[in-house]
Amino acid sequence: MPLQFYNTATRKIEVFKPAESGRVKMYHCGPTVYRRPHVGNYRAFLFADLLRRVLERRGLRVTQVMNLTDVGHFTQEDEDHGEDRMEMEARNRGLDPWQVAREITNMFEGDMKRLRAKPPEHRPRASDHIAEMLEIIELLLKRGAAYRSGPENANIYYEVSRFENYGGLSGNRVDALEAGARIDINPEKKHPADFALWKSDSKHIMKWKSRFGEHGFPGWHIECSAMARKYLGDTLDIHTGGEDLIFPHHECEIAQSEAATGKPFVNYWMHVKFLQVDGGKMSKSLGNVYSVDDVVARGFEPRHLRFLLQRAHYRTPLNFTWDSMRDAKGAIERLDAFVVDLKTLRPAAAAAVAVDEMLQKTRAAFDAALDDDMNAAEATAAVFGLLNNVRTAGGASLKLTKEQIELILAFLGEFDAIFDVLTPEELAPEERAEIDRLVAERQTARQNRDFARSDEIRTKLAARRVVVEDTKEGVRWRRV
RNA sequence: GGCGGCAUAGCCAAGUGGCCUAAGGCGACUGAUUGCAAAUCAGUUAUUCCUCGGUUCAAAUCCGAGUGCCGCCUCCA
């Protein structure tokens, strides 16, 4: 089966063909760094990572860009009510917006690392690309797709009526939007659906000089058009983001980029459905906007969260609950146990199980699932199927030859090249030493048949989230 | 008001006309194993896919109505 993706623009599943054979250029809308990203954000960011790894498995060379929005925006035109989020957050905390951006960027990068996302080739900041944005704005003015307005003509708007495909991505019609009557009347605009490319406001903290005035700052959408163009060129293979970005953000990006370059902007649009919490939306008032730290504080490793977020199909709403976190953790623990068993197993002399055949079938199912619009649920099911087959085929205990063990581990390595969940978190050396000491002490007690003492130590270890297992091959322990 | 998505076991979640008397995971229960556990193995855990009506030889899958949840139309992954 060829690699296929659902394309938001056509609302169909299409065979994926990069413009340049063997190479893929993709852009992902990253976070606005005014507050710490939450688990819902990471569903979208981890989707980008999964996509990258699936493309790489297909032998494609990927150039990935994920931006950081560190310039605040408000599209609400009424200055009394509209406020820039970055500046609002900064004022509330008594910081300047640049400090907030730096702090949140660090948190974001730390979270992404803990979640094992491969670093994209480029992670550009909007504030570093003002010149590139102005360049596109100039092009749009020259082509008559944008106009100057407002005091001293310092504000610049994109004229939506000049772009006939506006609405093509989202299915929205400009006249239907008007009927919504939720767009404030702004006398500066020729049409209510026109959107800002550049605004001027002397009160703004994050602002730049340009030929349009001293106190300018960019509109929300222009940064992505500018950064995508700089790092990937005029036409991208894939552009992704959360489902909320389809309109207006991505619609506006298309309008700007295509009007400026005269070329198609994106060949495949992919959008991730929102993560729900407890069957509903997450919100500050419900107290269910969880961060990676919240998840870790509840005794989970980041890889458990990674698995939870990645194994569900990206186009269906996923329900995050603490039960579902426990579920993901349990699943990973079973995989962990399988890997440990394989690595410590004494190999059998002769093959008792048809491992080759199992692996062949599993690999075929795994690839077919991934190729089919990244059906991660089916792909992981195939891996668990292999685990069950291998474990049950040999009866009560595993009977595998050395070669078979290596083949299975190699396949699990392939699985892990995509999902990256099999390596447990490393323990601090002191902690590891302390655990080893307790485990050894317990062993001595057991050898003396002092089970009271042995169980007492086991309880102590459990308090450190350590489970000991007495096996035929000896004692082993693991963190849970 | 306009546009779009989803609804499958206690929970999470695939499947979108016949191979479904419905994957996979978690959890629970029974047994084997164990000093006891853990892990593992054996077995049990949806005659049914939100509700009602329809199309079809055949529907979880298609159509219609309803209910619930989610997203967009304003910043949001």
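In what follows, every chain begins at residue 1, and chains take the letters A, B, ... in the order their sequences are listed. If you're wondering where the values come from, they're calculated on a predicted model, not measured in any experiment.
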Under 4.0 Å, heavy atoms only, any strand: does A/H271 hit a base, just the sugar-phosphate, or nothing?
nothing
Reckon A/P248 touches a base, only the sugar-phosphate, or nothing at all at heavy-atom distances under 4.0 Å?
sugar-phosphate
CG of A/L335 versus C1' of B/U40: gap in Å, rounded?
15 Å
Classify the nucleic acid contact of A/L245 as base, sugar-phosphate or nothing, counting any heavy atom under 4.0 Å across all strands shown.
sugar-phosphate
Base-paired stems in RNA chain B, each at least three Watson-Crick or G-U pairs under 3.5 Å
B:1-7 with B:67-73, B:10-12 with B:24-26, B:27-32 with B:40-45, B:50-54 with B:62-66
Before you tell me yes or no, could you show the steps for A/S200 and A/K207 under side chain to side chain contact (heavy atoms under 4.5 Å, CB included), namely the whole-Å CA-CA distance, both residues' side-chain angles and the distance that decides it to 0.1 Å?
CA-CA 8 Å; A/S200 292; A/K207 58 191 178 186; over 6 Å; no
Could you tell me how far B/G54 sits from B/G17 if I compare only their C1' atoms? Round to whole Å.
16 Å
Among B/A77, B/A39, B/U40, which is the nearest nucleotide to the side chain of A/H38?
B/A77
Please report, rounded to the nearest Å, how far the C1' atom of B/A39 is from the CZ atom of A/R391.
8 Å
Partners meeting side-chain contact (heavy atoms from CB on, under 4.5 Å) with A/E188 (sequence neighbours left out):
A/S149, A/P151, A/N155, A/Y157, A/N186
SB check A/E425 A/R479 (cutoff 4.0 Å)
no
Distance between the C1' atoms of B/C41 and B/U34, in whole angstroms?
13 Å
Can you name the side-chain contact (heavy atoms from CB on, under 4.5 Å) partners of A/R437, sequence neighbours left out?
A/E434, A/E441
In terms of the nearest nucleotide of RNA chain B, which residue is placed more toward the 5' end: A/F307 or A/R478?
A/F307
Which residues pass the side-chain contact (heavy atoms from CB on, under 4.5 Å) test with A/R298, not counting sequence neighbours?
A/F300, A/W322
C1' atoms of B/U61 and B/G71, separation to the nearest Å:
24 Å
Could you work out which one of B/C36, B/U40, B/C73 sits closest to the side chain of A/R442?
B/C36
Closest approach of A/R35 and A/I104, non-hydrogen atoms and distance?
O-CG2, 3.4 Å
Sticking with atom C1', work out how far B/C11 lies from B/A58, rounded to a whole angstrom.
33 Å
Please report the distance, rounded to the nearest Å, between CZ in A/F108 and P in B/A77.
10 Å
Any chance you could lay out the side-chain hydrogen bond (donor to acceptor under 3.5 Å, both in side chains) test for A/H129 and A/E223, step after step, and finish with the verdict?
CA-CA 7 Å; A/H129 297 80; A/E223 61 174 80; over 6 Å; no
List, with names and distances, any nitrogen or oxygen atoms from the protein found under 3.5 Å away from nitrogen or oxygen atoms belonging to nucleotides 4-12 of chain B.
residue : atom : partner : partner atom : Å
B/C12   : OP1  : A/N319  : ND2          : 3.0

Under 5.5 Å centre to centre and under 30° between planes: does that hold for A/F274 and the six-membered base ring of B/G71?
no
At 4.0 Å (heavy atoms only), tell me whether A/V272 reaches a base, stays on the sugar-phosphate, or touches nothing.
nothing
With sequence neighbours excluded, what pairs up with A/A90 under the side-chain contact (heavy atoms from CB on, under 4.5 Å) test?
A/P97, A/V100
Any salt bridge linking A/E87 with A/K203? Criterion: basic side-chain nitrogen under 4.0 Å from a carboxylate oxygen.
no
So, with a heavy-atom separation below 4.0 Å from RNA chain B, the residues of residues 280-290 of chain A are A/G280, A/K281, A/M282
Return the residues of residues 450-457 of chain A meeting this criterion: a heavy atom under 4.0 Å from some atom of RNA chain B. Order them by number, or give none.
A/F451, A/S454, A/D455
Heavy-atom donor-acceptor pair, A/D470 side-chain to B/C36 base, under 3.5 Å:
yes
By side-chain hydrogen bond (donor to acceptor under 3.5 Å, both in side chains) - contacts of A/D367 (at least two apart):
A/R57
The answer to which of A/L387 and A/A44 contacts RNA chain B further toward the 5' end, by nearest nucleotide, is A/L387
Could you state the interatomic distance from CD1 (A/I130) to CD1 (A/I222), rounded to the nearest 0.5 Å?
10.5 Å
Roughly how many Å apart are B/U30 and B/C70, using the P atom of each and rounding to a whole number?
39 Å
Considering every strand and a 4.0 Å limit on heavy-atom distances, what is the contact class for A/G279: base, sugar-phosphate, or nothing?
sugar-phosphate
B/A77 to B/A7 separation - C1' atoms, rounded to the nearest Å
23 Å
Is the closest basic N to carboxylate O distance between A/R442 and A/D470 below 4.0 Å?
yes
State which residues pass side-chain hydrogen bond (donor to acceptor under 3.5 Å, both in side chains) with A/Q443; sequence neighbours excluded, sorted by chain then number.
A/R446
Taking ring-ring contact (aromatic ring centres under 6.0 Å, His included) as the cut-off, I'd like each qualifying pair that reaches into residues 457-480 of chain A, sequence neighbours left out, listed once.
none
Are the charged groups of A/D49 and A/R116 less than 4.0 angstrom apart, N to O?
no
P gap between B/C20 and B/A60, integer Å
13 Å
Between B/C36 and A/R458, counting only base atoms on the nucleotide and side-chain atoms on the residue, is there a donor-acceptor pair under 3.5 Å?
yes
Could you tell me how far B/C19 sits from B/C12 if I compare only their C1' atoms? Round to whole Å.
27 Å
Can you name the residues that form a salt bridge (charged side-chain N to carboxylate O under 4.0 Å, His left out) with A/R326, not counting sequence neighbours?
A/D323
